[in-house]
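Heads up, the thing below is written out as structure tokens.
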Amino acid sequence: TIQGFINQGIDIAPSTAGLVQQVTVRGTDIRNNTLQGILVVPSGTATVSLAVHESSIANNGAAGIDIAGLNNSGSIQNSSLVGNLVGAQLELTSSKMFLDGVLVANNATGITSGIGGQTPVTRITRCSVVNNGTGIGGTGTTVGFTSNTVIGNGAGNAVSSSSPSV
């Protein structure tokens, strides 16, 4: 359990030029942190490939998972993002995020793909995005397969585009 930190629960911020940092979070409860549960924000030309499996990220003051910085990627599988300001946030056009089998519920915003005019692509499959103030938002694109449930949110009850399940 990672809980009660003044800033982020996990702060991934490599700075070595050209480094691709691979980070895996598995079976972890990350909750009640003042800011993000997990923040990915490398500097310079460093990048991060984040994988989150079978984890619960709840009740954080900012995003449950926030992927910032250039050229980063996040894969969240079989996890829950509940009661955060934003469940999962992908900030910049050059980064990407994939959610598979994730419960995204009771957040102010469930999934944000793109901020400040940025246009990244977030892909979701087998996800339930329910009971959020806004289910899916942002200035980018959220592509979903037909296996998702996006309903009961105050707004944002649809993906940008959808494809049949594969």
Side-chain angles (χ1 to χ4, degrees), residues 1-14 21-42 48-69 72-92 95-116 118 120-142 144 147-160:
T1 298
I2 297 171
Q3 67 178 3
F5 283 88
I6 295 172
N7 292 308
Q8 296 80 21
I10 298 174
D11 186 1
I12 306 166
Q21 183 71 52
Q22 296 189 18
V23 177
T24 300
V25 176
R26 181 180 298 278
T28 305
D29 185 12
I30 303 168
R31 64 178 179 221
N32 301 323
N33 298 291
T34 303
L35 296 175
Q36 295 89 348
I38 300 174
L39 174 63
V40 173
V41 62
V48 172
S49 177
L50 172 68
V52 177
H53 305 280
E54 301 160 351
S55 295
S56 173
I57 303 171
N59 302 318
N60 295 288
I65 297 174
D66 188 351
I67 299 176
N72 298 298
S73 65
S75 175
I76 301 96
Q77 296 178 307
N78 301 324
S79 296
S80 63
L81 304 169
V82 177
N84 303 288
L85 183 62
V86 178
Q89 178 166 275
L90 179 63
E91 293 190 18
L92 302 180
S95 294
K96 57 191 171 190
M97 182 167 56
F98 179 69
L99 284 73
D100 179 5
V102 177
L103 171 64
V104 183
N106 303 321
N107 302 286
T109 300
I111 298 170
T112 297
S113 186
I115 62 171
Q118 294 286 312
V121 176
T122 298
R123 290 177 172 81
I124 65 173
T125 187
R126 300 184 316 115
C127 292
S128 294
V129 182
V130 296
N131 300 327
N132 299 285
T134 298
I136 296 175
T139 56
T141 302
T142 300
S147 59
N148 296 296
T149 301
V150 182
I151 193 167
N153 302 291
N157 281 304
V159 295
S160 304

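- Donor-acceptor pairing under 3.5 Å is recorded for the side chains of Ser147 and Thr125.
- Among Val104, Ile65, Asn148, Val52, the single residue meeting the side-chain contact (heavy atoms from CB on, under 4.5 Å) criterion with Leu99 is Val104.
- With hydrogens and angles ignored, the 3.5 Å screen pairs no side-chain donor or acceptor of Asp66 with any backbone N or O of Ala62.
- When all heavy atoms of Ser160 and Gly140 are compared, the closest pair comes out as OG-O, 4.2 Å.
- Taking 4.5 Å as the limit, every side-chain heavy atom of Thr109 sits out of range of all side-chain heavy atoms of Asn132.
- Between Asp100 and Cys127 there is no side-chain heavy-atom pair separated by less than 4.5 Å.
- At distances below 3.5 Å, not a single donor-acceptor pair connects side-chain atoms of Asn131 with backbone N or O atoms of Ala105.
- Between Ile12 and Val41 the shortest side-chain heavy-atom distance does not fall below 4.5 Å.
- Using a 4.5 Å cut-off on side-chain heavy atoms (C-beta onward), Arg31 and Thr1 make contact.
- Considering only heavy atoms from C-beta on, Pro120 stays 4.5 Å or farther from Ser95 through its side chain.
- Inter-residue side-chain proximity for Ile57 and Ile38 is flagged as met; some heavy-atom pair is nearer than 4.5 Å.
- Counting only distance, with no hydrogens or angles, the side chain of Asn33 and the backbone of Phe5 share a donor-acceptor pair below 3.5 Å.
- With Ser128 as reference, Leu103 is the one residue of Leu103, Val102, Val150 to meet the side-chain contact (heavy atoms from CB on, under 4.5 Å) rule.
- Taking 4.5 Å as the limit, some side-chain heavy atom of Met97 sits within range of a side-chain heavy atom of Ile76.
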